[in-house]
Amino acid sequence: MSSTKAARIGEEVWKTRIDKVNAELVTLTYGSIVAQLCKDYEGDYMEVNKQLDKMGYNIGLRLIEDFLAKTNTGRCINFRDTAETISKIGFKVFLNITPTVTNWATDNKQFSLVFEENPLADFVELPDDGRAQNELWYSNILCGVLRGALEMVQMQVDAHFTSDVLRGNETTEMRVSLIRIIDDELPPGDD
Amino acid sequence: MVILSILILNKAGGLIYQRDFNEGLKKLSSNDYLVLAGTFHGVHAITSRISPVPGSGGLEVLESDQFRMQCFQTLTGTKFLVFAEPHQPNIDVVCRRVYELYADYVMKNPFYQIEMPIRCESFDRHLMAYIKPKQ
Amino acid sequence: MTFYFAIIGTKDNPIYETEFGTSKQGGDGHARFPDEQRPMNQFILHSALDIVEEVQWVQKELYLKTVDRFNNLLVSCFLTAGNIKFLLLHDSKAEDPIRQFFADVHEAYVKTLMNPFYEVDMRITSTVFDSKVRAAAKKYL
């Protein structure tokens, strides 16, 4: 699917078939989840990252069905197609943002998503205890969501953040790599 | 549009939901339904392999004098079987709508365990409300 | 003209304080409190808290204007909806610029509250907030 076609589908589904909710409600809810996790794990930010990823994974397992039901997209022909679908339709439909797909590896199995805006991190400043800036990936739930969602469509991927404006970097960038296509059971046939 | 019944199968071919919408249907035992689901899962897999057209999916439509069965398989491996009257048009629309209801009331219920039998009351209610007005 | 600005929390604890001078009419923006007076500033503002607590139930508005005076210094107060007090110690009587200054600081304070890692009554250590307050001071005072 070409990039412009994906963008058009994303825009159309966002406008017509999605119920909207106040963005600040989402920002504040997610913020209180992260702040509470940080308190509960007493500053073990690696553990907080892991929990955010786990929560995202559970969300992703379920979100993919909603995504497929609302957008009627067919199977992606290759990983490049998957990347375009994720950025132009997936993120558009759920967060109304379109991260840019860049930095393709030569074997076409890894790419980066660069986020110009991140509604989860509006108004956030990481705590000043010296460690949060180096250890906490604030939006780590998104990595889990991608991992869970793609696993349900037979792709095992690894997703992790490589930079974050909250940490003082210039951009917020997530690296997604395809580990393998899951062929254990009969894959659904191509439509 | 007369829908006779709906079955939902999980990725492994196990039956996770079964509902009749027409009183005239003969009731099978719950074991029979499980066997039916498992058989269909196997048949679906076989048909996708023996198809003369390369790269095709499994069995999609089965039509007889008494009924028409349509199978809608999602990219995640879940199968929706819709049984309706013969020569019924537009079952695709029904399948799509049932999939949307499934994505909403079953998947978004955080207490529903994936691949387990569906025991979501709101899914039942909305499904009935969608199917029944059409009878 | 010099100013001393402090934010007091719900438990009468200071959350933020700073001092600056006027940038208008040839001022260079630096505070010019006489040295003996510096420690007194905090006391003056805190003693004004009693008066603020009396006045706040009488007045309908959040901007309480000038609530107290000490020698030649005036104390003005702005109350937020969460009972956080913005107190300004100043020696001139310009109400409108002070009101606008408080409005800007209020906006910056609300943004600080939106940060999930900030709890009400915590000290504000963010440099972003600090620069916003100084910019507002430069603009209006």
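Every heavy atom of this structure was used, including side-chain atoms; hydrogens, water molecules and symmetry mates were not. Computed from a prediction, not measured in an experiment: that's the story for all the values here. Below, chain A is the first sequence line, B the second, and so on; all start at residue 1.
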(request) Verify, without hydrogens or angle tests, whether A:Ser163 (side chain) and A:Thr171 (backbone) share a donor-acceptor contact under 3.5 angstrom. (result) yes

(request) Using distance alone, with no hydrogens and no angle criterion, decide if C:Thr10 and C:Asp121 have a side-chain donor and acceptor under 3.5 Å apart. (result) yes

Would one find more than 12 heavy atoms of other residues, nucleotides or ligands at under 6.0 Å from atom [atom1] of [X]?
X: A:Lys20; atom1: NZ; value: yes
X: A:Met46; atom1: CE; value: no
X: C:Lys132; atom1: NZ; value: yes

(request) Kindly assign one of parallel, tilted or perpendicular to the pair A:Phe91 and A:Phe115, based on the angle between their ring planes and the thresholds 30° and 60°. (result) perpendicular

(message) Would C:Asp68 and C:Leu74 count as a side-chain contact (heavy atoms from CB on, under 4.5 Å) here? Give the steps.
(response) CA-CA 6 Å; C:Asp68 190 23; C:Leu74 302 168; over 6 Å; no

(request) Sort by residue number and list every member of residues 100-113 of chain C having a non-hydrogen atom under 4.5 Å from chain A. (result) C:Lys111

(request) Indicate yes or no: at least one non-hydrogen side-chain atom of A:Phe67 is less than 4.5 angstrom from one of A:Leu63. (result) no

(message) If you apply the rule salt bridge (Lys or Arg N to Asp or Glu O under 4.0 Å), what do you find for A:Asp66 with A:Lys70, and how did you get there?
(response) CA-CA 6 Å; A:Asp66 188 45; A:Lys70 289 230 164 67; 3.0 Å; yes

(request) Inspect the contact between C:Asp96 and C:Arg99 and indicate whether a charged nitrogen and a carboxylate oxygen are less than 4.0 angstrom apart. (result) yes

(message) Just to be sure I understand the criterion: a residue of residues 118-148 of chain A counts if one of its heavy atoms is under 4.5 Å from a heavy atom of chain C. Which ones qualify?
(response) A:Phe123, A:Val124, A:Glu125, A:Leu126, A:Pro127, A:Asp128, A:Leu136, A:Tyr138

(message) So for A:Glu24, is it side chain, backbone, both, or neither that comes closer than 4.5 Å to the heavy atoms of chain C?
(response) side chain

